[in-house]
Amino acid sequence: MANIHEESLFKAPDICEQERMVEAILFASAEPVSLHEMVSRMPHGSEPIAALENLQKRYQGRGVEVKEIDRAWAIRTSPDLSFLMRRETVETRKLSRAAIETLAIIAYHQPVTRAEIEEIRGVAVSRGTIDQLLELEWIKLGRRRQTPGRPATFVVTNLFLDHFGLEHARDLPGLKELRAAGLLDNRAAPGTEISDETEYSTDVQESLFDGEDPADDIED
Amino acid sequence: MANIHEESLFKAPDICEQERMVEAILFASAEPVSLHEMVSRMPHGSEPIAALENLQKRYQGRGVEVKEIDRAWAIRTSPDLSFLMRRETVETRKLSRAAIETLAIIAYHQPVTRAEIEEIRGVAVSRGTIDQLLELEWIKLGRRRQTPGRPATFVVTNLFLDHFGLEHARDLPGLKELRAAGLLDNRAAPGTEISDETEYSTDVQESLFDGEDPADDIED
Amino acid sequence: MHEELFRTESVAERVASETLIIDVDGYEGPLDLLLTLSRTQKVDLRKISVLDLAVQYLMFIERATALRIELAADYLVMAAWLAFLKSRLLLPPDPKEDGPSGDELAAHLAYQLERLQAMRDCAAKLMARDRLGKDRFVRGLPEDVSRRRTVIYTANLLDLMQGYARIRTKDDFRPFVLDRDAVITMEQALTRMRGLIGFTGDWTDIISYLPEDWLNDPQKRKSATASTFAASLELAKEGNIEIRQGELYAPIEIRKRS
């Protein structure tokens with residue numbers, strides 16, 4: 001086994017070997033590891049995606065599981081064993097109701113501007129709330145909206161997905177139902193002109209949750 | 001699987017379940033975990049030693065291994081895969097124009113002082129450029145010049161000759177050849193033949209400007 | 001008896017006012033308050049009676065004002081808007097009037113409430129998930145990936161030759177450096193004159209300041225004369241010397257200024 005590395009200079013390691021490598025890399029990292037990162041560390045010619053799939057199967061029903069988080073992978077303990085982990089539990093600062101609601105609005109409406117968050121909550125968003133979410137690295141700034149004033153938008157991060165055990169933003173609980181019910185539309189109040197911003201925002205939102213079955217989009 | 005914990009209040013979980021638990025505990029712990037610690041965290045009646053043995057077998061030949069360290073257990077990367085924990089990147093970069101020109105002057109005029117290099121290039125030579133060439137071991141310090149201040153001189157190294165496929169610095173094509181090869185403008189300035197280049201550089205120039213910054217001569 | 005009755009009323013009133021104070025503090029804006037009020041209707045938010053809601057809200061605001069509770073402007077703006085909405089809902093639509101109908105406005109308010117409720121439900125679902133550091137755990141003993149970057153610099157013989165050729169070619173366009181032997185710059189003349197001027201007290205022809213070996217070659221003499229003259233003017237400007245010329249084409253004379 002000592003000459004695996006040398007051999008690999010000439011040909012890509014076999015799938016079993018690649019699986020071992022992926023396993024070692026994922027075990028050694030606390031953060032999700034992207035495919036790109038794996039490829040760059042593994043011997044030339046490795047294609048870890050197949051190895052990852054095998055590994056994911058191998059750990060099914062074990063004490064730890066292989067999770068995908070937006071094209072990056074991580075090993076996490078199985079949730080049913082959390083009772084063993086009292087010692088490892090990290091006390092997170094209690095989030096205010098405003099912060100939790102703001103986070104949910106950003107996750108379901110992203111990319112979303114501050115004005116839109118305020119419109120949904122019906123109250124001003126305090127700076128501290130946004131700061132707290134930014135500090136947790138659960139949200140980050142997205143592209144600026146191409147409307148007058150070029151307002152900043154917010155989107156959720158991979159750290160958010162990892163924290164809440166989501167593979168992708170489109171896996172948010174109840175997303176499809178909300179969309180079907182039209183509750184994620186940016187519906188303008190009657191009598192007000194539908195601004196460019198509004199139209200644009202639905203556009204962008206679609207592209208963010210891309211890769212979804214277009215049939216899922218029940219929008220008017 | 002949700003009722004495992006409840007069940008465990010009454011009887012010890014089966015050996016497979018215990019193995020899962022040991023796996024999760026070892027994975028999440030920052031330090032090696034002692035048997036005593038495992039027992040205290042696992043449901044009443046658990047005997048983790050058997051589970052540990054099973055787990056150890058399960059990980060044999062995998063990317064990570066269950067290791068005993070001073071009566072405590074931990075999951076560690078398999079030694080033959082430690083190379084995955086290093087990330088080495090090799091970047092090839094073209095030598096900067098300043099470095100090439102400085103190197104060329106040293107090659108053509110060696111031994112040459114810094115002041116002379118600056119005079120020939122017409123601009124100051126930064127310390128970084130000289131350091132870079134020294135680090136590459138393409139140049140080295142020659143004898144000190146027997147003039148006031150005893151300035152250091154630079155000469156090219158054997159490594160330089162090796163790299164550029166030269167047997168001797170004398171083999172460098174002369175100005176005439178450069179001109180013939182179309183690398184040099186045909187308008188020759190008076191008195192700049194390669195033949196007396198070395199003498200010109202060491203004596204004439206030095207005495208003319210006696211080590212002063214050439215830029216001063218022009219500007220001030 | 002009378003007093004007794006009065007007291008009970010005031011106690012009830014006090015309790016009511018206290019709840020109000022607490023509630024107003026607890027509400028996050030008028031929409032939150034409306035959402036809470038709508039719960040008393042105990043129906044699907046889509047079937048809510050916006051008219052009833054508007055009435056409840058206006059009553060609430062009225063009571064709060066009577067109890068001198070400070071209300072944020074937001075609450076009053078909403079109150080005004082709901083009063084307007086109420087009138088639209090109650091009166092038959094005026095065909096001459098433009099703008100959205102009361103029903104449209106009511107539908108939008110219902111939509112806003114439903115959306116806020118939906119977001120609250122989502123937030124709760126999100127927080128109830130198996131969370132990292134609480135239900136799921138990361139590797140306790142992560143290994144650092146050591147990063148080492150090696151930079152290899154390359155250059156070949158052609159680069160070297162081109163580099164050298166570039167310097168030498170550049171020299172061709174800097175005749176000042178190479179033709180230095182036939183040119184005296186003003187700076188050089190100035191340096192020379194500064195050294196000599198101290199020794200001459202009387203009027204002296206500037207030609208005598210020219211370097212001796214520059215007098216014979218006409219090319220050199222021309223350059224030396226020009227730069228010496230320019231240097232003289234510079235020195236005169238600085239106030240170090242005086243300068244004079246008797247007549248046209250007569251020798252130019254200078255002397256140190258005393």
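What's counted below: heavy atoms across the whole structure, side chains too, no hydrogens, waters or symmetry copies. By convention in this document, chain letters (A, B, ...) are assigned in the order of the sequence lines, proteins followed by strands, and residues within each chain are numbered from 1.
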S.K.: What part of C:R139 is in contact with chain A, defined as an atom under 4.5 angstrom from a non-hydrogen atom: side chain, backbone, both or neither?
M.R.: both

S.K.: In terms of side-chain geometry, is the basic nitrogen of A:E53 or A:K57 positioned less than 4.0 Å from the acidic oxygen of its partner?
M.R.: no

S.K.: When heavy-atom pairs shorter than 4.5 Å are enumerated against chain C, which of A:I25, A:L103, A:L178, A:D162 gives the highest number?
M.R.: A:D162

S.K.: What orientation do C:Y57 and C:Y75 show, parallel under 30°, tilted 30 to 60°, or perpendicular over 60°?
M.R.: parallel

S.K.: Answer with side chain, backbone, both or neither: which region of A:T102 has an atom nearer than 4.5 Å to a non-hydrogen atom of chain C?
M.R.: neither

S.K.: What option among A:G122, A:A30, A:P79 has the most heavy-atom pairs under 4.5 Å with chain C?
M.R.: A:P79

S.K.: Check each atom of A:E37 against the heavy atoms of chain C and say whether the ones under 4.5 Å are side chain, backbone, both or neither.
M.R.: side chain

S.K.: If you count heavy-atom pairs under 4.5 Å between each of A:V123, A:L166, A:T77 and chain C, which one has the most?
M.R.: A:T77

S.K.: Could you tell me if the side chain of C:W81 sits less than 4.5 Å from the side chain of C:L109, heavy atoms only?
M.R.: yes

S.K.: Contact between A:T129 and A:R121 at the side-chain level, heavy atoms closer than 4.5 Å - yes or no?
M.R.: no

S.K.: Which bit of A:A98 is near chain C, if near means a heavy-atom gap under 4.5 Å: side chain, backbone, both or neither?
M.R.: both

S.K.: By a 4.5 Å heavy-atom criterion (distance strictly below it), what part of A:E177 contacts chain C: side chain, backbone, both, or neither?
M.R.: neither

S.K.: Side-chain contact, heavy-atom cut-off 4.5 Å: A:E116 with A:H109?
M.R.: no

S.K.: At a heavy-atom distance under 4.5 Å, which candidate from C:G140, C:P30, C:S101, C:C122 has the highest pair count against chain A?
M.R.: C:C122

S.K.: Strictly by modelled atom types, are C:D52 and C:Q56 linked by a side-chain donor-acceptor pair under 3.5 Å?
M.R.: no

S.K.: Taking side chain as everything from C-beta outward and backbone as N, CA, C, O, which of these in A:I75 sits under 4.5 Å from a heavy atom of chain C? Side chain, backbone, both or neither.
M.R.: backbone

S.K.: With a 4.5 Å cut-off on side-chain heavy atoms, are A:F160 and C:L126 touching?
M.R.: yes

